[in-house]
Amino acid sequence: MSGALDPRERSFYARSVHDVARDLVGCVLRHGETTARIVEVESYHQEEPACHAHVGLTPRTSVLFGEPGTAYVYRSYGIHALLNAVCEPEGVGAAVLIRALEPLDGVEEMHERRRVGGFVDLCNGPGKLTQALDVELHHNGGSLLEGPVVVEPRPPAWRDVRWVTGTRIGITKAADLEWRFCAIGSRCVSRPWPPALREAAG
DNA sequence: CATGGGATTGACT
DNA sequence: GTCAATCCCATGC
């Protein structure tokens, strides 16, 4: 249970993208002195049309087909940088999109970078969290094992974190797949919350 | 080389 | 609820 589920090992990412997505919930994303807990992710796979890798190997998608544990960062709607973790063995195009975080350390710095909102609004969206942690396009192709942007294991208190599934957000193709995973008990999950999360929250 | 479509957000009605 | 901002890149001529 220890080695195989440690995000500091490359083997952690060289598995089914859905298994990696579930295991990333509760882990900690770090960039310098700013850290935050992953509370929402989505999985994408080349076999399905919402995944960028679905079009095959191009300059844009080459990172997705590369080494597992690599960061895939791309610009969305011309404005926002979105962060993904490349998964599955090399040659398979798949990644986990990091959609929301719960800030832990460097909260002051996050506020300065975001210049808006309260605590919850710092990282409750894929474009928000990259701004808060200062993740940009130049991080594309970098290693999530070696940094500067790294994923650290779940803290003991989050060892048994539970999650619910929902359909992925903001896509038009393959929108019926329940490949969104949200931590139960965090206010920092992005809107709209999946029905199962509202029920779990009571 | 021109075109079109986004894995979003924040401001506004 | 609506809508514009703005850039990368896949595609097609």
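In the text below, chain A, chain B and the rest are named by the order of the sequence lines, each starting its count at 1.
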Q: Select base, sugar-phosphate, or nothing to describe what A/R114 touches, counting heavy atoms under 4.0 Å on all strands.
A: sugar-phosphate

Q. Is any side-chain heavy atom of A/L145 less than 4.5 Å from a side-chain heavy atom of A/V150?
A. no

Q: Specify the residues of residues 166-182 of chain A, ordered by number, for which at least one heavy atom lies under 4.0 angstrom from an atom of DNA chain C.
A: none

(Q) How many whole angstroms separate atom CG of A/N140 from atom C1' of B/dA7? (A) 14 Å

Q: Please state how far atom NE2 in A/H45 lies from atom P in B/dA7, giving the value in whole angstrom units.
A: 18 Å

Q: Measure the spacing between CG of A/D23 and SG of A/C87 and express it to the nearest 0.5 Å.
A: 10.0 Å

Q) Do A/E178 and A/T167 pass the side chain to side chain donor-acceptor pair (under 3.5 Å) test, and can you show the C-alpha distance, the side-chain angles, and the key distance before you say yes or no? A) CA-CA 4 Å; A/E178 298 221 340; A/T167 54; 5.9 Å; no

Q) If you draw the axis of the six-membered ring of A/F12, does the NZ or CZ of A/R10 fall within 45° of it and under 6.0 Å from the ring centre? A) no

Q: Report yes or no: do A/Y72 and A/H52 form a side-chain donor-acceptor pair below 3.5 Å?
A: yes

Q: Round to the nearest Å and state the distance from A/L82 atom CG to B/dG5 atom P.
A: 20 Å

Q) What is the distance from CG of A/L97 to C1' of B/dT8, rounded to the nearest Å? A) 11 Å

What N/O pairs connect the protein and nucleotides 11-13 of chain B at under 3.5 Å? Give each pair on its own line.
none

Q | Base versus backbone protein contacts along nucleotides 5-13 of chain C [heavy-atom cut-off under 4.0 Å; B, S, -] | A | BBBSSSS--

**Q.** Partner residues of A/Q46 under the side chain to side chain contact (heavy atoms under 4.5 Å, CB included) criterion, sequence neighbours left out
**A.** A/A53, A/F65, A/V92

Q.
Taking Watson-Crick (N1-N3 plus N6-O4 or O6-N4) and G-U wobble (N1-O2, O6-N3), each under 3.5 Å, can you produce the dot-bracket string of DNA chain B? Use [ ] for crossing pairs and | for inter-strand ones.
A. ||||||.|||||.

Q: May I ask you to evaluate whether A/R191 reaches the phosphate of B/dT8, defined as a side-chain N or O under 4.0 Å from OP1 or OP2?
A: no

Q | pi-stack flag for A/Y44 and B/dA7, centroid dist under 5.5 Å, interplanar under 30° | A | yes

Q: For A/E109, enumerate each residue passing the side chain to side chain contact (heavy atoms under 4.5 Å, CB included) test, keeping only those at least two apart in sequence or located in another chain.
A: A/T34, A/R113

**Q.** Distance in Å, A/L122 CG paired with A/K128 NZ, rounded so as to fall on 0.5 Å steps
**A.** 9.5 Å

